[in-house]
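What follows is a single structure, written as structure tokens, with notes after it.
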Amino acid sequence: SYIYETDEAEGKATNGTRIFAHIFGNEEYSYGEAITVNYGSGTASYFIPTNLKEVTIKPAGEYKIPMYAFASTVLLEKVNLVGNITAIGSYAFQSCRDLSSVNIPATVTTIEKFAFDGCSYLTNLTFDNGSTLKEIKESAFQGAGVRSLVLPATVEVIGQGAFSLCSGITSFTV
């Protein structure tokens, strides 16, 4: 399934068709979990399969994960990012409570604001060798469950509060 690109200009809200859960529909069904997403100035509710625990994102070409793409998909445990992903959009994985493991590909240069905000079980955060990550924007990992973290040497900017409320951190290497 294709998630449309997103305009992240200030004050510009995305719409529900740009949210991952949208591909499963907004009709309630057996074995479906309601996901309510607040995006910009609106709210939308969708139902995703309760057995959906892992998603692989493998774009054909250069790709930026759009803002709000997986927001509030609370059952998602693991995200596999494969291929030429250049950025992770604002709020892309916000409130993905059960998300526990993410590996950031070497091609990602920017992690936008609040990208992993509220991912309280995100304990396994790794970066590929040869990472080109330059910027981690404000509150990108706010409230994440990260325990030990080694940032790539290429990181030039860490935004305000990027790791705020990460009370489980015992080791942080820059």
Side-chain angles (χ1 to χ4, degrees), residues 1-6 8 13-40 42-108 110-128 133 136 139-149 163 165-169:
S1 294
Y2 180 75
I3 299 175
Y4 297 100
E5 290 298 326
T6 310
E8 290 197 41
T14 116
N15 64 46
T17 62
R18 294 181 176 150
I19 297 168
F20 174 71
H22 177 78
I23 66 174
F24 297 106
N26 57 5
E27 297 292 323
E28 186 172 355
Y29 57 92
S30 298
Y31 309 109
E33 174 84 14
I35 301 295
T36 300
V37 180
N38 297 312
Y39 56 90
T43 300
S45 292
Y46 301 97
F47 290 83
I48 65 167
T50 54
N51 61 349
L52 179 66
K53 305 290 184 195
E54 184 173 346
V55 170
T56 298
I57 302 169
K58 186 177 181 181
E62 190 174 288
Y63 184 70
K64 175 183 177 183
I65 297 174
M67 69 189 300
Y68 296 102
F70 293 85
S72 299
T73 309
V74 295
L75 304 172
L76 192 60
E77 295 175 1
K78 185 174 183 182
V79 173
N80 303 305
L81 303 176
V82 181
N84 196 8
I85 297 169
T86 59
I88 299 172
S90 297
Y91 309 95
F93 296 96
Q94 182 185 43
S95 299
C96 289
R97 181 199 64 216
D98 290 352
L99 185 61
S100 62
S101 180
V102 174
N103 181 66
I104 308 295
T107 53
V108 172
T110 305
I111 299 174
E112 298 288 345
K113 64 183 183 178
F114 298 99
F116 294 93
D117 172 42
C119 296
S120 55
Y121 293 133
L122 180 57
T123 56
N124 186 17
L125 176 64
T126 56
F127 300 88
D128 276 351
L133 183 65
I136 300 172
S139 303
F141 294 94
Q142 177 175 274
V146 178
R147 300 213 188 329
S148 178
L149 187 62
F163 295 93
L165 305 175
C166 293
S167 59
I169 290 183

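In what follows, residues are counted from 1 in the order of the sequence shown.
- Taking the side chain as every heavy atom from C-beta outward, V102 and T126 never approach each other to under 4.5 Å.
- I65 is listed as a side-chain neighbour of F93, based on a closest heavy-atom distance under 4.5 Å.
- The shortest distance between side-chain heavy atoms of K113 and Y91 falls below 4.5 Å.
- In this structure, L125 and L149 approach most closely via the heavy-atom pair CD2-CD1, 3.7 Å.
- To the nearest 0.5 angstrom, T73 atom OG1 is 11.5 Å from R97 atom CZ.
- In this structure, the separation between SG on C96 and CG on L122 is 10.0 Å, given to the nearest 0.5 Å.
- In plain terms, the two heavy atoms of Q94 and F114 that are nearest each other are CB-O, 3.9 Å.
- Considering every non-hydrogen atom in both V146 and I169, the closest pair reads O-CG1, 3.1 Å.
- Under the 4.5 Å side-chain criterion, counting only non-hydrogen atoms from C-beta, F163 is not in contact with Q142.
- For I111 against A140, the heavy-atom pair with the smallest separation is CG2-CB, 4.0 Å.
- Two residues are said to be in side-chain contact when any heavy atoms from C-beta on lie closer than 4.5 Å; I88 and I104 meet this criterion.
- Contact check for I57 versus N80: no side-chain heavy atoms found under the 4.5 Å cut-off.
- Counting non-hydrogen atoms of neighbouring residues, nucleotides and ligands closer than 6.0 angstrom, the NZ atom of K53 exceeds 12 such neighbours.
- Put simply, the side chain of S100 does not reach to within 4.5 Å of the side chain of N124, judged on heavy atoms.
- Of all the heavy atoms in L99 and C119, the pair that sits closest is CD2-SG, 4.3 Å.
- S148 meets the side chain to side chain contact (heavy atoms under 4.5 Å, CB included) test with S171; sequence neighbours excluded.
- From C166, atom SG reaches atom CZ of R147 across 10.5 Å, with rounding to the nearest 0.5 Å.
- A pairwise comparison of heavy atoms in L76 and V79 identifies CD2-CG2, 3.6 Å as the closest pair.
- Side-chain contact check for F70 versus V55: some heavy-atom pair is nearer than 4.5 Å.
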